[in-house]
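Take a look at the structure below.
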There are 2 protein chains.
Amino acid sequence: MGLTKSFNFDDKQNQLAAYAKALAHPARIAIIQQIITHKTCIVGSLTDVLPLSQSTISQHLKELKNSGIIKGEIEGPSICYCIHNENWKIAREMLDNLFVQIDQRCGQ
Amino acid sequence: MGLTKSFNFDDKQNQLAAYAKALAHPARIAIIQQIITHKTCIVGSLTDVLPLSQSTISQHLKELKNSGIIKGEIEGPSICYCIHNENWKIAREMLDNLFVQIDQRCGQ
DNA sequence: TTAATTTATCGTAATATTGCAATCTAACAA
DNA sequence: TTGTTAGATTGCAATATTACGATAAATTAA
């Protein structure tokens with residue numbers, strides 16, 4: 001199948017899984033790290049830094065954008081990608097919540 | 001292709017992506033939540049709680065186990081799954097690290 | 001032993017993901 | 001206008017994931 005039965009799960013479970021999925025590829029981690037280190041978010045340099053083709057990188061950027069983790073704005077001839085702070089905060093809270101609950105109930 | 005070029009990325013990027021991938025399905029989030037709420041970790045009840053077949057659930061458990069997030073021990077006739085605390089801590093630290101860096105450099 | 005219970009694995013089918021080359025589009029420069 | 005540059009999109013191929021039923025394996029109960 002390959003088709004996730006997402007309707008069987010509640011919104012939070014689906015949302016958290018979606019954020020995790022966005023992070024579930026080393027190239028997307030690398031992209032986020034690039035955004036971090038460059039502070040400002042011009043990302044034309046990604047094609048120089050990542051060992052992937054331009055079209056593949058563009059696809060990964062699209063997935064990060066669709067998940068809500070990053071956002072892109074046209075900036076002259078190029079595009080400026082940066083972290084979507086509001087959504088990122090939500091993702092962090094959801095993950096933190098899981099970690100805290102586990103610490104409380106399952107921590108040794 | 002569908003084949004991640006993981007050799008192109010460093011160990012930490014691959015490891016973090018692997019942890020994220022383990023969390024990248026609502027059923028696996030739900031399984032972890034069940035482990036949390038049941039405190040102790042008998043998970044035979046998963047087939048009653050999740051809207052998925054026993055074999056599918058077993059597959060998701062296997063993925064969580066392979067990622068290192070949970071571990072399973074034989075306990076009489078059934079199997080006791082619980083959080084793998086050491087690995088979970090590593091996953092949390094890696095994720096926290098990313099979040100903190102973003103807060104520091106990209107936070108508004 | 002036989003039967004029941006619990007979980008894993010196998011086989012299969014459908015959909016998703018990853019990746020690249022090629023092409024398209026939009027904006028700027030000459 | 002024409003050319004250039006930056007990215008996105010399309011089309012394709014290969015692999016991965018998700019899901020289920022059926023079956024296998026291991027343990028306990030009778």
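We name chains A, B, ... by the order of the sequence lines, and we start the count at 1 in each one.
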Atom pair distance, as rounded to whole Å: [atom1] in [X] and [atom2] in [N]:
| X | N | atom1 | atom2 | value |
| --- | --- | --- | --- | --- |
| B/Leu50 | C/dT7 | CG | C1' | 15 Å |
| A/His25 | C/dA16 | NE2 | P | 18 Å |
| A/Phe9 | D/dA19 | CZ | P | 7 Å |
| A/Arg28 | C/dT17 | CZ | P | 9 Å |
| A/Lys62 | C/dC20 | NZ | P | 17 Å |
| A/Ile57 | D/dT9 | CD1 | P | 15 Å |
| A/Asn66 | C/dT17 | CG | C1' | 14 Å |
| A/Leu46 | D/dA8 | CG | C1' | 14 Å |

Please confirm whether the backbone N or O of [Y] pairs with a side-chain atom of [X], one donor and one acceptor, at under 3.5 Å?
| X | Y | value |
| --- | --- | --- |
| B/Ser45 | B/Asp48 | no |
| A/Thr37 | A/Gln33 | yes |
| A/Asn14 | A/Phe9 | yes |

- Message: Mind checking if B/Glu63 touches a base, just sugar-phosphate, or nothing, with heavy atoms under 4.0 Å?
- Response: sugar-phosphate
- Item | Parallel, tilted or perpendicular, as decided by the 30° and 60° cut-offs, for the rings of A/His60 and A/His25 | tilted
Distances for protein N/O vs nucleotides 21-25 of chain D N/O pairs under 3.5 angstrom?
from, atom 1, to, atom 2, distance (Å)
D/dG21, N7, B/Ser55, OG, 3.3
D/dG21, O6, B/Ser55, OG, 3.1

- Query: Quick one: is B/Lys21 getting a side-chain N or O under 4.0 Å of the D/dA16 phosphate, OP1 or OP2?
  - Reply: no
- Short side-chain N/O contact to D/dA19 OP1/OP2 from B/His60, under 4.0 Å: yes
- Per atom distances to the B/Leu52 side chain, the nearest of D/dC20, C/dT15, C/dT18 is D/dC20
- Considering only D/dG7, C/dT18, C/dT15, which nucleotide approaches the side chain of A/Ser58 most closely? D/dG7
- Item | Distance-minimising heavy-atom pair for B/Leu23 and B/Trp88 | CD2-CZ3, 4.4 Å
- A/Leu52 versus A/Ile57, closest heavy-atom pair with distance: O-CD1, 3.6 Å
- Message: Considering only residues two or more places apart or on different chains, which pairs with a residue in residues 13-25 of chain B satisfy salt bridge (Lys or Arg N to Asp or Glu O under 4.0 Å)?
- Response: none
